[in-house]
Protein chains: 2
Amino acid sequence: MALEHAILVSLLEKPGSGYELARRFERSIGYFWTATHQQIYRVLKRMEADGMLAVREVPQQGRPDKKEYSVAAPGRALLSAWLHELIEPESMRHDLAVKIRGAAFDDPAALVREVERHRAVHRDRLAHYLAGELRDFTGPDAPTPLDAGQELQHVVLRGGIAYERMTIAWLDDILATLHRLAAAPPAG
Amino acid sequence: MALEHAILVSLLEKPGSGYELARRFERSIGYFWTATHQQIYRVLKRMEADGMLAVREVPQQGRPDKKEYSVAAPGRALLSAWLHELIEPESMRHDLAVKIRGAAFDDPAALVREVERHRAVHRDRLAHYLAGELRDFTGPDAPTPLDAGQELQHVVLRGGIAYERMTIAWLDDILATLHRLAAAPPAG
DNA sequence: CTTGCCTATGCAACTCGTTGCATAGAAAGA
DNA sequence: TCTTTCTATGCAACGAGTTGCATAGGCAAG
């Protein structure tokens, strides 16, 4: 159950509403975790009922009121306990890999456009991460020196960058393989 | 719902029982997808009821009988339809990244052992993948030339290898960052 | 001879995560 | 003016995935 923990971290970094959290999960936190607003609202409600979070109703002008959540002491203790637990390393979980192995029983060439589409998405993500890195950590407008929290955010972002670069190189490898198979005589 | 598709691919590569599938999901298929035996049994039962799979009772000596599943024509059509669909690229989803950002609100140094543990797991996985690559694709006992299915399995395995290498490099980056933070004065 | 592991299948209960839908006021563009 | 988009929250239903437990014979180590 890591969504709880991701929410705690995000709210410690900055308190906010469910809606704001959902947008963060499309951006910085979403580099390594995704969640829809329904999931977030549901978990926020449960965590608040359990005393992990505090809520504050914030009236707004020209837009609906919001509920601003922040981390209460028990929530902080929960996060701390989790940080000291050992968690299992995760695997890749790529639908695309299933498709590629499945293509052996169908038409491999039909996958080319799909792989190219994925490549474009990952290329855009990489560009987005690199722009964020320049803006927040390595560019002229970035704070110097970085504090511990920023250093930790930066190393996570570097992970996202490395992941996208690796993925793009792999997708290129897949495309080269598909083209080789399409060019070669179809028997073995 | 990709577990269905992963099962179809695995059964097309070789028919087998739920138990055998569960073990494959710990190995080759598990490079990029995981599933427990309960999940697999449940999905197999549903897919068989839907006519996607055929079952054959296989009596065995010295061990319990097993149900050997194989892909029926509708299952093959289902897989083919999925292969021609466009799927969304996935994100990383690393618990560890959440922990690292959370460490800013706790003790960063306490994460060192956890990161080192993950590094050891990924190092072992990489060694395992490289051994498999040598055995099945690049070594002297590998078939030459590879057929299309083997080429596709190889490119998926290369993805796993690239992923593990990238992950190990990132974990080293994290360790270096944690040591730097521990050595530096704790203020900003 | 007892404990634990391997093969083999399965139920029950639960949480996690997705999809579709609904509400509702404000702003911006066609 | 009409439609779309943005902010903001939420329900209902379903499917995906996890955890604990149960059964049951064979095999091997202590």
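In what follows, chains are A, B, ... by sequence order, proteins preceding strands, each numbered from 1. The shown structure was predicted, so the numbers you read here are calculated from the model rather than taken from an experiment. Side-chain atoms are counted along with the backbone in the values below, which use heavy atoms only and exclude waters and symmetry mates.
- Contact annotation: K45(B) does not reach the phosphate of dT9(C) (side-chain N/O to OP1 or OP2, under 4.0 Å).
- In this structure, S17(B) does not reach the dT7(C) phosphate: none of its side-chain N or O atoms is under 4.0 Å from OP1 or OP2.
- In terms of phosphate contacts, K66(A) brings no side-chain nitrogen or oxygen within less than 4.0 Å of OP1 or OP2 of dT9(D).
- Counting atom types as modelled, R42(A) pairs a side-chain N or O with a base atom of dG17(C) as donor and acceptor under 3.5 Å.
- K66(B) has a carboxylate O that lies under 4.0 Å from a charged side-chain N of E20(B), or vice versa, which qualifies the two as a salt bridge.
- Contact check, Y41(A) against dT9(D): a side-chain N or O comes under 4.0 Å of OP1 or OP2.
- Looking at heavy-atom distances under 4.0 Å, T34(B) makes no contact with the nucleic acid at all.
- The hydrophobic cluster containing L44(A) does not contain Y19(A), counting ILVMFWY residues as joined when their side-chain heavy atoms lie under 4.5 angstrom apart, directly or transitively.
- The distance from atom CZ of R46(B) to atom P of dG17(D) is 11 Å, rounded to the nearest whole Å.
- Note: CG (L44(A)) to P (dA8(D)) measures 14 Å, nearest angstrom.
- Across the interface with DNA chain C, nearest-nucleotide mapping of G18(B) and A35(A) shows G18(B) to be the residue nearer the 5′ end.
- Checking H84(A) against D106(B) by side-chain atom types alone, a donor-acceptor pair falls below 3.5 Å.
- Between H37(B) atom NE2 and dT19(D) atom C1' there is a gap of 10 Å when expressed in whole angstrom units.
- OP1 or OP2 of dT18(D) has at least one side-chain nitrogen or oxygen of Q39(B) nearer than 4.0 Å.
- In terms of phosphate contacts, R23(B) brings a side-chain nitrogen or oxygen within less than 4.0 Å of OP1 or OP2 of dT7(C).
- A straight line from CD1 of I40(A) to P of dA8(D) spans 14 Å, rounded to a whole angstrom.
- Between Y19(B) and dT9(C), a side-chain N or O to OP1/OP2 separation shorter than 4.0 Å is absent.
- Residue Q38(B) is classed as a base contact, given a heavy-atom separation below 4.0 Å to a base.
- Follow the hydrophobic side-chain contacts under 4.5 Å out from L134(B) and you never reach L146(B); the two are in separate clusters.
- One atom, CZ of R63(A), and another, P of dA27(C), lie 10 Å apart when rounded to the nearest Å.
- Within the 3.5 Å criterion, the main-chain N or O of L86(A) finds no donor-acceptor partner in the side chain of R117(B).
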